[in-house]
Structure formats: structure tokens, C-alpha cells
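Right, one structure below, let's go through it.
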Amino acid sequence: MYHAVAHSPARATHGLSVAPGAFAEQMALLDERGYTPVTCERLGVAWRGGPPLPPRPVLITFDDGYEGVHRHALPVLDRYSFPATLFIATGWLRGPYETGGALDLMLCWEQVRELAGAGVEIGGHSHTHPQLDQLPAERLWFELVRCREILTKELGGPPGSFAYPYGYSSRRVRQAVRSAGFQISLAVGNALAAPHQGPYALRRVTVRRSTRIEEFERLVEGRAIGRTFAKDRALTKSYALIRRSRQVLRKVH
């Protein structure tokens with residue numbers, strides 16, 4: 001899971017960004033070690049009984065829609081003929097649907113179409129990038145349907161995949177994503193994806209500014225992931241308790 005790819009990202013995106021050179025080095029490692037990138041759509045087809053996945057499959061995903069995905073990541077993906085999946089918060093992109101709130105320079109729709117034409121799958125990531133599990137039913141449905149409508153209009157067909165903003169979901173959110181027409185959706189979790197997670201809660205590992213190539217190699221090989229993300233998981237569990245308390249308080253009031 002990537003976010004911004006930039007030499008000098010905004011402060012708000014710095015920690016979850018990667019430098020262009022680091023991204024190029026990571027893609028070179030995938031190529032050298034014989035990994036086969038696939039799109040989320042391809043994974044969903046295999047999940048539902050279609051053609052099996054190739055050897056050593058891996059998903060390369062980008063969240064939010066930062067401009068550096070077009071400027072810096074696309075040339076590297078082209079170099080290796082690697083497909084990838086970009087999850088877009090439609091209200092964050094530059095253009096007619098812009099709602100504000102973006103953390104850094106975002107893609108415009110012309111760039112999104114160029115990415116799609118180059119083999120990058122475009123998936124949904126909500127409209128305004130809220131914490132979906134904290135929303136009432138009507139607002140949750142709006143976030144999903146508005147995102148899907150815009151992507152369908154701009155790209156000529158409906159998106160099949162979705163990623164939860166911040167990685168937050170719940171059974172209610174996952175059911176809504178399915179009802180909205182998405183075939184597969186990704187969380188974070190910082191663990192390898194596995195069949196028991198189901199097609200609407202697949203986990204990913206985070207690649208950060210601080211991820212060195214040795215750590216990246218361990219992540220894609222599934223080694224020491226628990227140790228690498230131990231602090232993240234502890235914080236996630238603590239925050240989950242806070243979030244559940246907030247939901248209870250909302251119901252009371």
C-alpha cells in the first residue's frame with residue numbers, strides 16, 4: 001500500500017510517502033525476484049472461480065490519488081509492464097467534483113484517464129475520504145454511490161474495487177460496499193492477504209518513507225511482518241476501543 005510518491009511531499013503526507021528513487025528500487029526488486037503484479041480486479045476474478053493467479057502474485061496499490069502517482073510511479077510501472085491499482089477519493093481530485101480537504105497535490109481527471117489507459121486499475125476510495133464506520137447509513141451510502149457514479153462517468157465504466165479510507169471498516173460498511181456494486185475491497189491490517197479474510201476485508205502492508213529496501217524485501221516475502229508492525233497494531237487496538245466508545249455515545253445521544 002502506497003500513498004504519495006514525491007521528492008518533497010507535504011508535511012501531512014510525508015510519513016506515508018515514498019521517494020521516487022525508493023519506489024523505483026522496490027519495483028526493481030519485485031522484478032528481480034520474479035513477482036507477478038496483478039490488479040485487484042484480477043484477484044477478484046480468481047477469487048470467484050476464474051483463472052488462477054500467476055506464480056508469486058502481488059498487488060501494488062496507491063490510495064487517495066496523489067499527483068506523484070502519475071509523475072513518478074507510472075514511468076516505473078511502465079518500465080516493468082507492471083499493472084497496479086489506484087484507489088481514488090473523488091472529491092479530493094482537482095476538477096469539477098472537488099470538495100477540498102486534500103492533503104497534498106492531487107491528480108486531475110486527465111491524468112487519471114492516462115493512468116487507466118496505461119493499465120492502472122482505478123478503484124473507489126469514497127468521495128470525501130471520511131471514516132466510513134463512523135457515518136450514519138445515509139451519509140455512508142452517499143460516499144460510496146457518489147464515488148462510484150463519478151468514476152463511472154469519467155472512465156466509461158464502473159469501478160470493481162474499493163479501499164476503505166484509513167483502513168477503517170465494519171460489517172455494516174462492508175455490506176454497504178458490496179451493495180454499492182464493488183466486487184472486492186481492501187483494508188490495511190499490515191498483514192498478508194489471506195482467503196479467510198474474505199473479498200471485502202483483504203489486508204495490505206504499508207510502505208512508508210522510512211521503509212528501506214531490506215525491510216521491503218522482508219515484507220513482500222512475508223517475513224517478520226508482525227514484528228515490523230507491532231507498534232502500529234498496538235495503536236490500532238487502542239484506537240479501536242476509542243472508536244467503539246464514540247459509536248456507543250452517538251447511539252445514546
Side-chain angles (χ1 to χ4, degrees), residues 1-3 37-48 50 59-70 73-74 77 82-103 105-133 135-170 172-187 198-202 204:
M1 180 183 68
Y2 293 96
H3 288 80
V38 297
T39 61
C40 288
E41 180 182 15
R42 176 73 177 81
L43 175 59
V45 168
W47 196 291
R48 289 171 170 80
L59 296 179
I60 302 168
T61 68
F62 302 89
D63 283 11
D64 301 342
Y66 297 103
E67 195 270 348
V69 176
H70 182 276
L74 180 58
L77 296 172
F82 281 175
T85 302
L86 168 64
F87 297 106
I88 288 176
T90 48
W92 276 16
L93 266 60
R94 291 179 287 144
Y97 317 105
E98 191 171 357
T99 61
L103 304 178
L105 180 63
M106 308 305 290
L107 294 161
C108 68
W109 286 101
E110 181 179 354
Q111 291 172 318
V112 172
R113 285 188 284 271
E114 288 178 4
L115 284 160
V120 176
E121 176 193 5
I122 309 299
H125 198 43
S126 80
H127 185 51
T128 66
H129 203 279
Q131 299 178 18
L132 295 178
D133 61 338
L135 300 181
E138 184 176 348
R139 175 67 192 283
L140 169 61
W141 189 246
F142 167 80
E143 287 288 336
L144 301 176
V145 172
R146 182 59 173 154
C147 174
R148 186 171 171 81
E149 287 176 345
I150 292 172
L151 289 175
T152 300
K153 177 181 177 181
E154 292 294 331
L155 301 176
S161 59
F162 188 86
Y164 306 108
Y166 308 101
Y168 300 146
S169 72
S170 64
R172 178 177 68 96
V173 171
R174 293 189 289 272
Q175 289 174 340
V177 168
R178 181 174 182 174
S179 296
F182 295 99
Q183 302 300 310
I184 190 170
S185 54
L186 306 186
Y200 290 93
L202 289 171
R204 295 178 288 172

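- Separation of atoms CD1 (Ile122) and OG1 (Thr39) is listed at 11.0 Å; rounding is to 0.5 Å.
- Within the model, atoms OG of Ser170 and CD of Gln131 stand 12.0 Å from one another, a figure rounded to the nearest 0.5 Å.
- The two residues Pro159 and Gly124 make their nearest non-hydrogen contact at CB-N, 4.3 Å.
- Within the structure, the salt bridge (charged side-chain N to carboxylate O under 4.0 Å, His left out) test picks out the following pairs touching residues 154-166 (sequence neighbours left out): Arg113-Glu154.
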Should Phe62 and Leu115 be marked as a side chain to side chain contact (heavy atoms under 4.5 Å, CB included) after you check the CA-CA gap, both sets of side-chain angles, and the distance that decides it?
-> CA-CA 12 Å; Phe62 302 89; Leu115 284 160; over 6 Å; no
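- His125 places a side-chain N or O within 3.5 Å of a backbone atom of Ala163 that can act as its donor or acceptor partner.
- Atom CD of Gln111 sits in a crowded spot, with more than 12 heavy atoms from other residues, nucleotides or ligands closer than 6.0 Å.
- Within the structure, every pair that satisfies the salt bridge (charged side-chain N to carboxylate O under 4.0 Å, His left out) test and touches residues 135-144, not counting sequence neighbours, is listed here: Arg139-Glu143.
- How far NE2 of His3 is from CG of Asp63: 4.5 Å, rounded to the nearest 0.5 Å.
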Give the C-alpha distance, both sets of side-chain angles, the deciding distance and a yes or no for side chain to side chain contact (heavy atoms under 4.5 Å, CB included) between Val120 and Glu114.
-> CA-CA 9 Å; Val120 176; Glu114 288 178 4; over 6 Å; no
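- Not one N or O on the side chain of Arg178 forms a donor-acceptor pair closer than 3.5 Å with the backbone of Gln183.
- Distance CG/Leu202 to OG/Ser161: 11.0 Å, rounded to 0.5 Å.
- Every residue meeting the side-chain contact (heavy atoms from CB on, under 4.5 Å) condition with Ala180, not counting sequence neighbours, appears here in chain and number order: Trp141, Leu144, Phe182.
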Please test Leu186 against Leu59 for side chain to side chain contact (heavy atoms under 4.5 Å, CB included), starting from the C-alpha separation and ending with a verdict.
-> CA-CA 11 Å; Leu186 306 186; Leu59 296 179; 4.2 Å; yes
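- For the pair Pro136 and Arg172, the tightest heavy-atom approach, listed with the atom from each and the gap, is C-NH1, 4.0 Å.
- Evaluation of the ring pair (Phe, Tyr, Trp, His ring centres under 6.0 Å) rule for Tyr164 yields Phe162 as partners, not counting sequence neighbours.
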Identify all side-chain donor-acceptor contacts of residues 82-93 below 3.5 Å with residues at least two apart in sequence or on another chain.
from  : atom 1 : to     : atom 2 : distance (Å)
Thr85 : OG1    : Cys40  : N      : 3.2
Thr85 : OG1    : Glu121 : OE1    : 2.8
Thr90 : OG1    : His127 : ND1    : 2.7

Just do the side chain to side chain contact (heavy atoms under 4.5 Å, CB included) check on Asp133 and Ser169 with the steps written out, would you?
-> CA-CA 5 Å; Asp133 61 338; Ser169 72; 5.9 Å; no
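- With sequence neighbours left out, Tyr200 forms a ring pair (Phe, Tyr, Trp, His ring centres under 6.0 Å) with no residue at all.
- Closest approach of Ser126 to His129, counting heavy atoms only: OG-N, 2.9 Å.
- Smallest separation of non-hydrogen atoms from Leu132 and Pro165: CD1-CD, 3.7 Å.
- The environment of Glu98 atom CD is dense: over 12 non-hydrogen atoms of other residues, nucleotides or ligands sit within 6.0 angstrom.
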